[in-house]
Structures are given as C-alpha cells and as structure tokens.
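Structure first, commentary second.
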Amino acid sequence: MSDKIHIGDIIKIKGNYATGKVVNNGQSGSELQYLIGTAQALRDHVSPAERQEIDESLEEIDQGGPGTSNLIRLRQVATAAGEVGVPLLTAISLVAQMFGIG
C-alpha cells in the first residue's frame, strides 16, 4: 500500500496535435438546458415538418449530446423562423462554443 495521496487531476498529454485538457465546469449544463428550452418554445411557431426537425434533433442531443449535425438542423429551423428563432440561434452559438463544435 502506498503512502502517497493525490487529490486532483492527473493529465498526460501526448502527440503533435494535443491541445490540452477539456474541463466540464457545469456551465455546459445550463447552456444545454437553454438550448432545449428555446427549441421547445420555437415548436409553437413553426410548421409540422420543422417541429419534427426540432424533435429529432433534441432526441439526438438527449441520446448523445450536441453535435454538428443536430445543431445545423436546429440552426436551419431557427433561421427559417425569422425573428422568433433568434433565441434559439443564440443558444446554438453558446452550446457550440461550450462544446467546441464548429
């Protein structure tokens, strides 16, 4: 048994393209909840086909987290909705920045 006690992260970075440590500081949860809330609020202002896009994108996010494809789909719906889609566009930008998505 070792007498060494370590508290905190142990980080080993190898490779030519290593960029450092990704930290989930809990902020991403609030941005993601904002995205989900604004997407759900937009459902009442779009066509049935666009509602389906929102629902499918949110299901994908629920299953595997936000990704480029589901954020692009949500961005297309929000853009087509015009001014009422602006809160969702803002949420998409926040989530993309937080998760490092394109």
Gln97 atom CD, neighbour heavy-atom count above 12 within 6.0 Å: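 12 or below, so no.
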More than 12 heavy atoms from other groups under 6.0 Å of CD on Glu83: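 No, not enclosed.
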Grab the two heavy atoms, one from [X] and one from [Y], that are nearest each other, plus how far apart they are.
{"X": "Asn70", "Y": "Ser57", "value": "O-OG, 3.7 Å"}
{"X": "Leu88", "Y": "Ala78", "value": "CD2-CB, 3.8 Å"}
{"X": "Ala81", "Y": "Val84", "value": "O-CG1, 3.3 Å"}
{"X": "Tyr34", "Y": "Pro87", "value": "OH-O, 3.8 Å"}

Is [Y] close to [X] at the side-chain level, that is, under 4.5 Å between some pair of heavy atoms?
{"X": "Glu60", "Y": "Ser69", "answer": "yes"}
{"X": "Ile54", "Y": "Leu58", "answer": "yes"}
{"X": "Leu74", "Y": "Ile61", "answer": "yes"}

Electrostatic pair Glu50:Arg43 at N-O distance under 4.0 angstrom: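 Looking at Glu50 and Arg43, the cut-off is not met.
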Verify same cluster id: Leu94, Leu71 (apolar side-chain graph, 4.5 Å):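 Looking at the clustering, Leu71 is in a separate group from Leu94.
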Intermediate values then yes/no, side-chain contact (heavy atoms from CB on, under 4.5 Å), Gln33 and Ile36: CA-CA 5 Å; Gln33 288 304 315; Ile36 292 166; 4.2 Å; yes
Side-chain (Arg51) to main-chain (Val46) donor-acceptor, under 3.5 angstrom: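 Checked: pair present.
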Donor-acceptor contact present, side-chain Thr79 to main-chain Gln76, <3.5 Å: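 A pair under 3.5 Å: no.
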